[in-house]
Amino acid sequence: MIMVSKSSDHNIAISMAIGSFIAVFPTPGVSVFITLFVAAVFKSLNRIALALSQAIWNAFTVIPVYWLSLKAGKIIFPSTTVQEF
């Protein structure tokens, strides 16, 4: 889809870079909505590249962010019980 897009290579690269920045930014769960907002505001961006960057990066960032959040919570609140599933 991206290979046959009418967008320029520069536009696709900028869209991928913006999507990657949003996906790596520590806002798990909200990054998709931020991407939709950016795609709505900036009509010239390639929406497929934005969505693709979200699909690639979210798989690599969500799990480590949640794991590190759990570890930080255990350090900050050591006396609370953690319910493991």
Side-chain angles (χ1 to χ4, degrees):
M1 289 249 170
I2 293 177
M3 299 301 289
V4 294
S5 176
K6 294 180 183 176
S7 299
S8 67
D9 293 340
H10 184 263
N11 192 6
I12 294 171
I14 291 293
S15 300
M16 231 14 214
I18 291 171
S20 295
F21 175 76
I22 294 170
V24 174
F25 201 68
T27 55
V30 182
S31 61
V32 175
F33 297 113
I34 296 171
T35 303
L36 291 173
F37 176 74
V38 168
V41 171
F42 300 104
K43 302 282 185 193
S44 63
L45 292 177
N46 188 322
R47 292 185 177 107
I48 296 172
L50 282 169
L52 185 63
S53 64
Q54 287 292 312
I56 292 170
W57 280 107
N58 278 339
F60 294 113
T61 58
V62 170
I63 294 172
V65 166
Y66 283 154
W67 183 77
L68 287 172
S69 297
L70 177 67
K71 293 296 179 188
K74 284 182 179 179
I75 292 170
I76 295 170
F77 303 108
S79 63
T80 59
T81 58
V82 176
Q83 192 71 356
E84 308 240 352
F85 295 100

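What you see below is based on every heavy atom in this structure, not just the backbone, and it leaves out hydrogens, waters and symmetry mates.
Cluster annotation: Leu36 and Leu45 are assigned to distinct hydrophobic clusters (Ile/Leu/Val/Met/Phe/Trp/Tyr, side-chain heavy-atom contacts under 4.5 Å, transitive). Hydrophobic cluster membership differs between Val32 and Leu50, with clusters built from Ile, Leu, Val, Met, Phe, Trp and Tyr side chains linked at under 4.5 angstrom. Ile34 and Val41 fall within a single hydrophobic cluster, where Ile, Leu, Val, Met, Phe, Trp and Tyr side chains are chained together by heavy-atom contacts under 4.5 Å.
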Got a list of side-chain donor-acceptor pairs under 3.5 Å for residues 13-24, not counting sequence neighbours?
unit_1 : atom_1 : unit_2 : atom_2 : d
Ser15  : OG     : Asn11  : O      : 2.8
Ser15  : OG     : Asn46  : N      : 2.7
Ser20  : OG     : Met16  : O      : 2.8
Ser20  : OG     : Trp57  : NE1    : 3.0

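For Phe42, there are no ring-ring contact (aromatic ring centres under 6.0 Å, His included) partners, not counting sequence neighbours.
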